[in-house]
Amino acid sequence: MDIFEEIKMKGFHDEYIDPSLDLFAEIEKLKKEKNAVVLAHYYQEGDIQDIADYIGDSLGLSQQAAKTDADVIVFAGVHFMAETAKILSPNKKVLLPDLKAGCSLADSCPPHLFKKFKEQYPDHLVITYVNCTAELKALSDIVCTSSNAVQIVESLPPEQKIIFGPDRNLGAWVAKKTGRDLVLWNGACMVHEIFSREKITKLKERYPAAKILAHPECEQVILELADYIGSTTGILKYATSSPETEFIVATESGIIHQMEKDNPGKKFIPAPPNNTCACNDCPHMKRNTLEKLYLCMKNEMPEVTVPGHIIERAVKPIERMLEISARLGL
Ligand code: 13P
Ligand code: SF4
């Protein structure tokens with residue numbers, strides 16, 4: 001890697017920031033100066049969620065990226081999310097505070113292997129979860145997120161054969177909910193596979209009234225315990241509309257910031273991980289910091305780019321997802 005590549009990867013993260021600088025005010029100033037919009041996922045640290053123009057789950061963020069009239073999209077999330085924004089808005093500049101903010105789930109499905117896998121099922125339609133690389137999306141027929149996967153599968157004729165990737169847990173949950181026989185790619189998210197059924201059961205004994213909320217990327221043994229299963233937005237809405245006051249939350253812990261803000265007085269307890277992990281933080285999501293967000297806006301780098309030939313093929317399955325979601329009011 002040459003020095004320029006290195007600087008691009010770092011995105012000037014090592015640049016000195018005057019500690020007396022009010023980063024919130026500076027970021028607001030940069031938003032106006034550059035006509036930039038900050039889109040943040042619920043798994044980002046609290047400060048980033050608070051400075052964002054829009055906070056959401058993967059579906060909401062894609063919808064925002066498709067319709068924004070800003071010149072610059074600053075994506076406080078991970079690489080595949082920024083790529084999706086670039087595919088939907090190829091003429092806009094898309095910035096990611098830390099280019100190394102990847103995703104274990106996207107990494108669990110290398111496109112060259114998926115292509116071979118797909119060739120074994122020539123009469124199958126390919127649905128891929130948005131948590132995958134742009135190259136993988138280019139090999140797909142429809143993209144989905146955790147908040148519309150069930151409805152997208154249900155929108156297809158019952159006789160339609162389907163490959164679902166890359167998340168085996170989400171795929172198994174969708175297959176169960178729809179009664180469809182899906183061919184699954186064997187991928188998973190490192191964060192959602194660390195929860196301990198035994199520890200959650202013990203926690204539930206301490207908080208017997210608590211409702212267990214889980215993301216469908218969790219394993220079946222965890223989902224079996226859940227009172228509600230859904231995307232991050234689904235989990236937040238459920239907790240807000242529920243008359244209950246205690247919740248055990250089986251997903252990345254960043255969502256708890258918004259749950260607490262929207263629901264003062266309710267108690268949110270992160271579901272305990274197994275002994276291999278100390279917390280439920282996604283190490284990729286948490287690479288972004290307020291400082292890196294500020295520097296990336298100031299220097300307009302690191303920028304996320306996607307080759308034109310990939311954009312051409314990847315945009316169709318994403319637009320198909322957005323069309324189906326709009327039709328169903330999702
Ligand atoms: P949602 O935002 O669709 O709930 O997905 C969670 C996730 O793992 C994002 O990386
Ligand atoms: Fe990827 Fe899992 Fe992190 Fe989401 S939580 S970005 S799926 S590793």
Side-chain angles (χ1 to χ4, degrees), residues 39-45 48-49 52 54-65 75-85 96-109 127-134 136-137 143-152 165-171 173-174 185 187-195 213-219 222-223 226 228-239 249-259 270-271 273 276-277 279-288 304 318 321-322 325 330:
L39 307 182
H41 191 270
Y42 287 123
Y43 295 164
Q44 292 296 288
E45 62 174 44
I48 294 182
Q49 293 190 36
Y54 177 85
I55 327 165
D57 67 356
S58 305
L59 177 62
L61 291 167
S62 312
Q63 288 165 332
Q64 292 295 320
F75 218 111
V78 289
H79 195 265
F80 75 81
M81 296 179 168
E83 270 186 341
T84 306
L96 183 65
D98 190 324
L99 258 198
K100 288 187 191 155
C103 169
S104 65
L105 178 52
D107 290 346
S108 71
C109 193
I127 302 183
T128 49
Y129 188 32
V130 71
N131 300 33
C132 65
T133 60
L136 206 80
K137 291 182 178 81
V143 164
C144 72
T145 75
S146 54
S147 51
N148 59 21
V150 167
Q151 292 87 340
I152 284 181
D167 191 87
R168 60 175 175 242
N169 297 318
L170 176 67
W173 177 70
V174 172
W185 176 265
C189 157
M190 62 190 280
V191 180
H192 289 89
E193 286 214 323
I194 49 127
F195 296 112
L213 316 179
H215 195 281
E217 284 175 31
C218 295
E219 290 173 294
I222 303 298
L223 297 181
Y228 174 81
I229 300 167
S231 76
T232 44
T233 298
I235 286 175
L236 179 63
K237 281 188 182 158
Y238 180 92
V249 184
T251 188
E252 212 270 0
S253 52
I255 183 71
I256 291 179
H257 177 70
Q258 212 52 43
M259 293 174 114
T276 64
C277 252
C279 68
N280 312 340
D281 279 352
C282 169
H284 310 288
M285 286 278 182
K286 295 299 193 298
R287 285 193 76 95
N288 297 325
V304 171
I318 304 173
M321 166 186 83
L322 294 176
S325 301
L330 299 170

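If you're wondering where the values come from, they're calculated on a predicted model, not measured in any experiment. Remember, it's 1-based here, ligands and their atoms both numbered in the order they're listed.
- Here atom 2 (O) of ligand 1 lies nearest to H41 when heavy atoms of E217, H41, H284 are compared.
- Remark: ligand 1 atoms within the under-4.0 Å shell around heavy atoms of T232 are 1 (P), 2 (O), 4 (O).
- Between I194 and C277, the closest heavy-atom pair is CG2-SG, 4.0 Å.
- Looking at N280 and T251, their side chains never come closer than 4.5 Å, going by heavy atoms from C-beta outward.
- Shortest non-hydrogen contact noted between P166 and Y129 is CD-CB, 3.8 Å.
- Shown here are the protein N/O/S atoms lying under 2.8 Å from atom 3 (Fe) of ligand 2, water excluded: C282 SG.
- The shortest separation from a heavy atom of Y43 to ligand 1 is under 4.0 Å, placing the residue in contact.
- Distance from atom 3 (O) of ligand 1 to its nearest protein heavy atom, with residue and atom name: S146 OG, 2.8 Å.
- Listed by atom number, the atoms of ligand 1 under 4.0 Å from M81 heavy atoms are 9 (C), 10 (O).
- When the options P270, C189, C279, C282 are evaluated for a side-chain contact (heavy atoms from CB on, under 4.5 Å) with E252, the one that passes is C282.
- Residues satisfying the ring pair (Phe, Tyr, Trp, His ring centres under 6.0 Å) criterion with H192, sequence neighbours excluded, are H215.
- Among the atoms of H215, some N or O lies under 3.5 angstrom from an N or O of ligand 1.
- Ligand-side atoms of ligand 1 in range of S231: 4 (O), range being under 4.0 angstrom from any heavy atom.
- Taking every heavy atom of N131 and a limit of under 4.0 angstrom, the matching atoms of ligand 1 come to 7 (C), 8 (O), 9 (C), 10 (O).
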task: Could you walk me through whether I255 and V249 pass the side-chain contact (heavy atoms from CB on, under 4.5 Å) test, one step at a time?
output: CA-CA 9 Å; I255 183 71; V249 184; 4.0 Å; yes

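- Looking at every heavy atom in both residues, L213 comes nearest to M259 through CD1-CE, 3.8 Å.
- Every atom of ligand 1 is numbered from 1 in the order shown, and the set under 4.0 Å from a heavy atom of M285 is 10 (O).
- Taking every heavy atom of Y129 and a limit of under 4.0 angstrom, the matching atoms of ligand 1 come to 5 (O).
- Checking T233 against S231 by side-chain atom types alone, no donor-acceptor pair falls below 3.5 Å.
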